[in-house]
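For the numbers below, each heavy atom of this structure counts, side chains included, while hydrogens, waters and symmetry mates do not. Quick note on labels: first sequence line is chain A, next is B, and so on, each numbered from 1. Everything numeric in this text was worked out from a predicted model, so none of it was measured.
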Amino acid sequence: MSHKHRGKGAYSKHGRRETDDFHLYEGSTSDKSRGRKDRGAKDRSPHRKDKQSHSGPSHPPGLKGKEIGLYYRDKQKAKNARKDDTVTLKLHPSTERQIKDLIDVPKSSYDKHFNLKDVGDDTSFESRYNHINESQFKKKFLSIITGTLNENLEKALAEKSKLVRNERLDIQLLDELAEQQAQPRYKKMMEFRMKLPAYEKKQDIINLLSSNQVILISGETGCGKTTQVAQFLLDYELECGRGSTTNIICTQPRRISAVSVAERVAAERADRLGNSVGYHIRLERKLARPYGSVTFCTTAMLLQFLQMDPALKNYSHIILDEIHERSTQSDFIITLLKQILPRRPTLKLILMSATLNSEQFSKYYDKCPTLHIPGFTYPVEEYYLEDVLHLTNFKFEENIVYTNGKKRMKKQEAANDTFEKFIGPYIRQLQHTKKYPQRVLDQLKNPKSEELSIDLVFELVRHICSQKNNPGAILIFLPGVMDITKLHRQMQDSHFFPSSRYDIYPLHSRMPTIDQKRVFQVPRNEVRKIIIATSIAETSITIEDVVYVIDCGRTKLTNFQVKNNLDTLDSEWISEANALQRKGRAGRVKAGICYHLYTKCRAAAFDKYPLPEMLRTRLDEVILQVKILQIGKADRFLASMMDPPEAKAIDLSLKLLRELNALDEKENLTPLGYHLARLPLDPRTGKMIIWAAMFSCIDPVFSIAASLSFKDAFYCPMNKEEEARKKKLELGQNQYSDHIALAEALSTYEELSSQPGNGAYSFCRKYFLSWNTLKLLSDMKQQFARYLCEMKFLANSNPKDGSANTNSLNKSLVKAIVCAGLYPNVAIVKGVTKNGIRCVTTEEEKVKLHISSINDKARSFPSPYLTYYLKRKSTGIFLFDTTCVSPWALLFASPNANGAISSKSNKSIIKLGPMLQFNCESGTAHIFQKLHKKLDALLENKINHPGTIDWNSNEGNILRAIILLLSVGDENMGVDSGRYDYSVTYDENSASDLDD
DNA sequence: GAGCACTGC
């Protein structure tokens with residue numbers, strides 16, 4: 001029985017259809033079941049109008065302009081009111097009976113087990129969680145929840161360190177070093193190393209660190225600090241005969257740099273990776289020996305190590321590299337280490353940053369001594385907008401003055417006015433120098449001169465290429481993919497850049513790695529390489545042969561608007577640091593030239609550095625980290641940072657974490673919060689995979705969770721957007737879900753990968769999927785399974801395990817679990833227009849579907865409810881990924897649906913919020929209420945006593961009943977009967993109220 | 001009539 005899973009095919013809307021046609025989950029969808037499901041989506045719902053023809057404008061004659069809009073708005077309002085009136089969630093009597101059979105069991109010890117104690121506010125944690133049986137979990141949980149950082153450190157320090165003095169080992173390590181140094185390979189490398197500016201500072205660094213616990217090393221790229229500093233320290237310790245107690249860790253912001261630096265350093269030491277040098281990044285590691293070694297890891301990995309080793313007792317030196325980038329993780333560690341260091345007097349900390357803001361870090365660490373290493377790059381000549389206009393004779397489009405609508409004109413004039421105040425004095429200054437002709441100065445006065453002009457870039461590239469005798473690659477920085485595509489097309493369409501003489505490469509993160517790598521190709525003779533890139537070419541991808549840089553001065557940045565609780569992505573002016581970095585890209589092999597497409601006066605107004613990431617993002621995960629590391633109250637710790645986030649931002653995240661039941665009212669971790677904090681996921685996605693384990697459908701849900709927490713595997717092919725969309729839709733199988741489409745893609749990829757041949761590869765090509773991304777997603781799924789297995793929610797660590805996937809083919813269930821994780825991220829479809837799908841979120845905010853969503857081109861939906869992960873404001877507010885879900889999925893996702901039921905005679909209303917209100921037949925409501933309560937109790941019990949579900953017991957029956965309800969609910973939009981037409985079909989007219 | 005900077009556990 002327990003192996004027989006009831007997929008969608010096992011039920012009809014009129015209750016159970018007795019059939020032997022159960023599916024065993026086998027890790028992929030067979031063609032047979034796929035075909036049936038496709039039919040199932042439509043054929044079983046004769047009452048749903050999938051395509052409603054609409055018969056042209058039908059408003060009364062004589063109405064004009066806004067009146068027409070108002071007419072349709074009223075009409076729609078009336079229609080909505082009627083709809084609310086007629087839609088009543090109802091289960092078919094036979095379904096009701098089935099559910100009752102499953103859950104109405106005689107009172108058993110099982111039910112008593114669920115009777116959780118009511119505990120008051122003032123009880124201690126121990127008594128609050130008394131009902132949790134003694135277990136490994138309880139011990140761990142209580143120690144986390146009751147400890148403080150100091151107690152924790154105390155306890156950690158009492159434990160033995162792996163770094164134990166061993167004199168024989170010290171001598172052995174010293175001998176080994178001497179042996180290595182004698183090798184020709186080592187000597188050859190040393191010739192190169194000695195030329196690095198960092199090498200001259202070797203003794204200074206060692207001296208400074210011997211008399212200080214913390215030092216700061218500042219230096220620009222090319223000075224060699226990343227590869228040399230760790231080696232200086234390691235060699236010094238080995239030579240002093242302290243090899244056995246030396247374990248150096250060096251953090252890097254990116255995975256690639258951790259690996260490549262480790263490889264480079266191993267080569268310089270004539271050693272293999274895994275001896276004196278290693279690396280450790282998520283899902284990939286070559287560990288060095290635990291003594292006499294240096295390990296390069298990503299910053300986020302060090303944060304993970306801190307969970308197991310809070311006093312960092314297994315390390316002797318911590319080197320934090322590239323801290324000027326101000327990532328959330330490095331800011332977090334810098335803050336935490338400040339508290340740890342006094343308790344670990346022998347631990348040495350080396351901070352490494354670029355020069356521009358190094359002082360700030362030194363100041364934060366009580367004016368720790370700073371050592372500067374000069375950089376080494378070739379000189380780069382700089383030109384600004386005024387020079388570029390002079391060189392190219394470029395003219396901006398005349399500024400259009402709006403005449404239609406006064407409001408707009410005023411705005412425009414006001415903008416011009418501020419611009420005039422900004423640029424005016426600078427133009428007068430330029431006038432005095434007499435360096436620029438009047439026509440250039442006139443151009444600078446045009447406010448358009450501060451907007452991105454692809455035409456200007458185009459002309460500038462032409463200008464560079466028209467010069468005689470100036471070979472070398474051109475690197476162009478543009479803010480986004482759209483701009484890159486536009487320039488690329490323009491260049492291809494013109495006759496100035498024939499492919500016989502120019503290799504033009506777009507470069508951004510959303511293209512397949514294989515295409516990214518093409519930018520390293522050395523062009524044929526007499527051919528010039530031109531790379532059009534996003535800021536990916538600023539730090540992540542280094543192209544050595546660049547001689548010319550065109551810097552448009554803008555970059556896209558995400559921000560978090562605390563005021564509206566909204567993520568944004570806008571094109572902004574870059575910072576001084578970015579400008580410097582971009583310029584530096586031109587001088588790596590010889591002297592170069594950098595063209596800035598902004599005035600010198602604008603450059604002077606740039607911020608020194610971009611805003612730290614901590615101030616630009618939600619703090620949900622950061623706060624969970626604070627909690628799992630027992631650092632104390634979130635606001636206190638975050639206030640001790642170099643740049644503390646706003647109190648309101650902290651409050652927003654605390655509120656969400658309480659809503660998720662991850663934190664209690666006193667800001668302590670709940671058992672659920674404890675599990676979520678340990679998972680390498682944001683709390684919502686974490687909740688999703690825990691639910692998936694309970695409901696035995698881990699494979700598809702893990703795929704979805706991995707994708708949401710990493711990145712979309714569908715890339716955007718140039719000029720094939722429409723084909724790509726169709727392929728994605730094909731994978732979506734009529735499920736109206738980006739998440740299901742991704743799960744299908746990953747499942748097929750995994751299946752093909754396990755077979756001989758290159759099926760997976762051709763599948764990726766055919767469906768515009770990134771092989772690299774899918775591979776990583778697949779590895780992440782295994783990691784999730786390992787975590788959940790360790791937590792005891794899974795019996796083994798195989799994401800394809802049969803017993804953990806008995807319901808994986810039930811798409812209604814998978815969608816409901818996605819919804820449970822993402823809740824309350826729900827939007828309601830209000831209409832389909834030729835400009836896209838119009839929705840409102842539960843906060844009554846108007847949003848559109850992003851073009852990347854599978855649902856963007858849908859013309860009708862089986863349900864008006866869409867759950868989403870990412871909502872972001874750019875040119876409008878967009879939902880990027882959506883899944884259409886039934887009311888029942890929402891009702892089970894809502895943690896407080898039970899308290900939201902009000903009944904009147906045989907009608908009940910379940911009100912999840914002002915926008916989410918459901919009429920429900922009272923018998924059905926009663927059953928739902930009962931089921932939801934049982935689910936809550938079951939979940940709480942499982943969270944408190946981690947274990948797998950026994951599908952042969954009552955808990956199995958409860959879950960089975962819920963799955964049954966979700967399945968019939970999804971087939972017919974919550975109405976398990978033919979009597980109610982709940983089809984939701986939108987035409988363009990119905991959206992008119994949203995259009996004006 | 002238009003659209004997703006870059007990282008990381």
Side-chain angles (χ1 to χ4, degrees), chain A residues 251-258 280-285 297-307 322 325-333 477-486 507-511 516 533-541 552 554-559 567-572 574 578 581 610 613 616-617 621-622 624-625 628 676-682 685-686 705-706 709-712 714-716 718 721 725 738 776 779-780 783-784 786-787 833-836 848-853 856-857 869-881 995:
Chain A
T251 66
Q252 292 295 315
R254 281 165 288 280
R255 293 164 58 86
I256 293 194
S257 41
H280 194 163
I281 61 178
R282 181 181 188 179
L283 305 168
E284 207 184 314
R285 61 190 186 186
C297 70
T298 40
T299 317
M301 281 310 306
L302 181 56
L303 265 171
Q304 293 296 115
F305 302 158
L306 274 160
Q307 279 186 39
E322 318 276 14
E325 289 188 13
R326 303 299 305 271
S327 73
T328 299
Q329 292 100 333
S330 83
D331 273 9
F332 192 109
I333 288 183
F477 285 101
L478 291 179
V481 179
M482 286 262 282
D483 311 295
I484 290 171
T485 310
K486 195 174 163 201
L507 178 64
H508 52 82
S509 73
R510 293 290 322 267
M511 55 195 259
Q516 286 184 353
T534 58
S535 48
I536 195 171
E538 225 174 81
T539 47
S540 303
I541 293 177
C552 77
R554 290 162 186 84
T555 190
K556 288 204 177 177
L557 274 175
T558 50
N559 242 307
D567 287 311
T568 62
L569 179 70
D570 291 307
S571 186
E572 291 177 26
I574 54 170
N578 298 119
Q581 181 68 20
E613 194 192 0
R616 297 190 289 112
T617 42
E621 284 176 85
V622 171
L624 279 183
Q625 285 282 343
I628 198 79
L676 294 177
R678 299 201 50 207
L679 289 170
L681 283 169
D682 76 283
T685 343
S709 76
F710 181 48
K711 65 177 170 188
D712 195 352
F714 291 93
Y715 57 79
C716 43
M718 248 213 293
E721 290 86 351
R725 157 186 292 282
D738 293 305
L776 217 57
D779 291 346
M780 284 168 73
Q783 193 187 28
F784 297 160
R786 284 196 296 273
Y787 269 96
T833 73
K834 57 181 185 291
N835 296 336
K848 286 185 261 187
L849 292 199
H850 192 269
I851 190 163
S852 65
S853 172
D856 175 53
K857 290 278 189 286
Y869 179 70
L870 181 63
K871 176 182 76 181
R872 195 156 63 188
K873 180 177 158 290
S874 49
T875 51
I877 307 178
F878 293 99
L879 307 181
F880 282 71
D881 56 298
D995 274 345

Under 4.0 Å between any heavy atoms, over every strand shown, what does [X] touch: base, sugar-phosphate, or nothing? Just pick one.
| X | answer |
| --- | --- |
| A:Ser874 | sugar-phosphate |
| A:Glu621 | base |
| A:Arg510 | base |
| A:Thr875 | sugar-phosphate |
| A:Leu303 | nothing |
| A:Thr298 | sugar-phosphate |
| A:Thr555 | nothing |

Would you kindly compare A:Ile851 and A:Gln625 by the position of their nearest DNA chain B nucleotide and give the one closer to the 5′ end?
->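 Closest to the 5' end, via its nearest nucleotide, is A:Ile851.
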Nearest-nucleotide 5' precedence on DNA chain B, A:Lys857 against A:Pro680 =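 Its nucleotide being nearer the 5' end, the pick is A:Lys857.
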Kindly write out the residues that satisfy side-chain hydrogen bond (donor to acceptor under 3.5 Å, both in side chains) with [X], not counting sequence neighbours, or none if the list is empty.
| X | answer |
| --- | --- |
| A:Arg554 | none |
| A:Arg285 | none |
| A:Thr485 | none |

A:Pro479 versus A:Thr555: any side-chain heavy-atom pair under 4.5 Å?
->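 No, their side chains stay 4.5 Å or more apart.
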Name all residues meeting the side-chain contact (heavy atoms from CB on, under 4.5 Å) criterion together with A:Leu870; count only those two or more places apart in sequence or in a different chain, and write none if there are none.
->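 If we apply the side-chain contact (heavy atoms from CB on, under 4.5 Å) test to A:Leu870, skipping adjacent residues, the hits are A:Arg872, A:Phe880, A:Asp881.
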For A:Arg255, check side-chain contact (heavy atoms from CB on, under 4.5 Å) against everything at least two apart and list the hits.
->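 Applying side-chain contact (heavy atoms from CB on, under 4.5 Å) to A:Arg255 gives A:Ile281, A:Arg282, A:Glu284, A:Thr298, A:Leu776.
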Which is the 5'-most and which the 3'-most nucleotide of DNA chain B that has an atom under 4.0 Å from a heavy atom of chain A?
->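 First-to-last contact on DNA chain B, by the 4.0 Å heavy-atom rule, is B:dG1 to B:dC9.
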